[in-house]
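One structure is given here, and the rest of the page talks about it.
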Amino acid sequence: MNSIYIWGTPNGVDEDIYKTVTKLLIDIFKSRDMESLAVFFPTDRMNWGLGEEIIVHISGPIVLGGKELDRLTKSVGRVVQSGFRPKHIKCVVLKEKSSVGSGHWSSS
């Protein structure tokens, strides 16, 4: 399963924004015939500057490479940017190895 963690979203954002962003991100992954996606918005303990800079981590058995991977990160970043309007956003793919003994575990 692929996952997206969106760090640094501002407080007080309407729940509908989170739902819309999540649905759009799921659509991006479905359009590329990629595995299912879980989207997380971890809370931040510090309010200083919250929402000004957002970091997006994408992880999972992503099978894209090269320019396709660049297009994925740009698409994901643009969706998050349109929902939360940060001054700066960074979108990073943390690729997992799919080989045996890679140090990753999943219940499915």
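Quick note: residue numbers are just sequence positions, from 1.
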- Can you tell me if CZ on R85 sees more than 12 non-hydrogen neighbours from other groups inside 6.0 Å? no

- Message: Could you measure the distance from the NZ atom of K23 to the CD1 atom of I28? Nearest 0.5 Å is fine.
- Response: 15.0 Å

- 4.5 Å side-chain heavy-atom contact, L50 and N11: yes

- Query: Which pair of non-hydrogen atoms, one from Y18 and one from P10, has the smallest distance, and what is that distance?
  - Reply: OH-O, 3.6 Å

- Message: According to a hydrophobic-cluster definition based on side-chain heavy atoms being under 4.5 Å apart (Ile, Leu, Val, Met, Phe, Trp, Tyr only), do F41 and I26 belong together?
- Response: yes

- Query: Would you call F29 and V76 a side-chain contact if the rule is heavy atoms closer than 4.5 Å?
  - Reply: yes

- Message: Can you confirm whether W7 sits close enough to V56 that some side-chain heavy atom of one is under 4.5 Å from a side-chain heavy atom of the other?
- Response: no

- Item | Closest non-hydrogen atom pair, I89 against Q81 | CD1-N, 3.9 Å

- Query: Should I55 and L94 be regarded as members of a common hydrophobic cluster, given that ILVMFWY residues are connected when their side-chain heavy atoms come within less than 4.5 Å of each other, either directly or indirectly?
  - Reply: no

- Query: Rounded to the nearest 0.5 Å, what separation is found between the CD1 atom of I6 and the SG atom of C91?
  - Reply: 8.5 Å

- Message: Within this structure, what is the CD1-CG distance for the pair I4 and L25, rounded to the nearest 0.5 Å?
- Response: 4.5 Å

- Message: Do V21 and Y5 land in one hydrophobic cluster if side-chain heavy atoms of ILVMFWY residues count as linked below 4.5 Å?
- Response: no

- Message: What's the separation between atom CD1 in I58 and atom CG in L69, rounded to the nearest 0.5 Å?
- Response: 7.5 Å

- Query: Are K90 and E53 within salt-bridge range, i.e. N to O under 4.0 Å?
  - Reply: no

- Rounding to 0.5 Å, atoms CG (L24) and NZ (K19) come to a distance of 14.0 Å

- Note on the structure: So CG of L37 and CE of M1: to nearest 0.5 Å the spacing works out to 8.0 Å

